[in-house]
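For reference, the structure discussed in these notes is given below.
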Amino acid sequence: KMTNQAKYEAFISGIDNSVAGSDFYGNLAEHVACSAEGNACDAADGINDPEGWYAVALGTAEMIVDDWTSFYPELIK
């Protein structure tokens, strides 16, 4: 059974960066990871275990990738 950390890392590394451009801050995967991890940190007040933190990060990353053009219009080619 994969841990939430492994699922999160696999999801981020599996993002197809060819669908988007990049900017000073990086490619699509780097943007998604930054946003997902930031959201997990914001939500982490009640999360004391890393698996819970990675579950929040993964859920955020999945939501963002589904609508990445709304989150990062500057990356649209």
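For this chain, numbers begin at 1 and follow the sequence in order. Since the model is a prediction, treat every value here as computed from it, not as a measurement.
- Nearest heavy atoms, Ala43 versus Val56: CB-CG1, 4.1 Å.
- Rounded to the nearest 0.5 angstrom, Ser22 OG and Leu28 CG are separated by 10.0 Å.
- Residues Trp53 and Met2 are members of separate hydrophobic clusters, defined by side-chain heavy-atom contacts under 4.5 angstrom among Ile, Leu, Val, Met, Phe, Trp and Tyr.
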Just do the side-chain contact (heavy atoms from CB on, under 4.5 Å) check on Tyr8 and Ile12 with the steps written out, would you?
CA-CA 6 Å; Tyr8 170 76; Ile12 295 297; 3.6 Å; yes
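- Checking side-chain atoms of Lys7 against main-chain N and O of Ala55 turns up no donor-acceptor pair under 3.5 Å.
- No donor-acceptor pair closer than 3.5 Å links the side chain of Ser35 to the backbone N or O of Val32.
- Phe71 places a side-chain heavy atom less than 4.5 Å from the side chain of Met63.
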Steps toward side-chain contact (heavy atoms from CB on, under 4.5 Å) verdict (Trp68, Val19)
CA-CA 10 Å; Trp68 72 265; Val19 301; 4.0 Å; yes
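- A donor-acceptor pair under 3.5 Å links the side-chain atoms of Asn17 to the main chain of Ala29, judged by distance alone.
- Closest heavy-atom contact between Ala36 and Ala57: CB-O, 3.3 Å.
- Side-chain N or O atoms of Tyr54 include none that pairs as donor or acceptor with a backbone N or O of Thr3 at under 3.5 Å.
- From Thr60, atom OG1 reaches atom CD of Glu37 across 10.5 Å, with rounding to the nearest 0.5 Å.
- A donor-acceptor pair under 3.5 Å is formed between the side chain of Glu30 and the backbone N or O of Asn27.
- Aromatic ring pairs are classed by plane angle as parallel below 30°, tilted from 30° to 60° and perpendicular above 60°; the pair Tyr72 and His31 is tilted.
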Does the side-chain contact (heavy atoms from CB on, under 4.5 Å) test come out yes or no for Asp67 and Thr69, once each step is laid out?
CA-CA 6 Å; Asp67 191 23; Thr69 57; 4.1 Å; yes
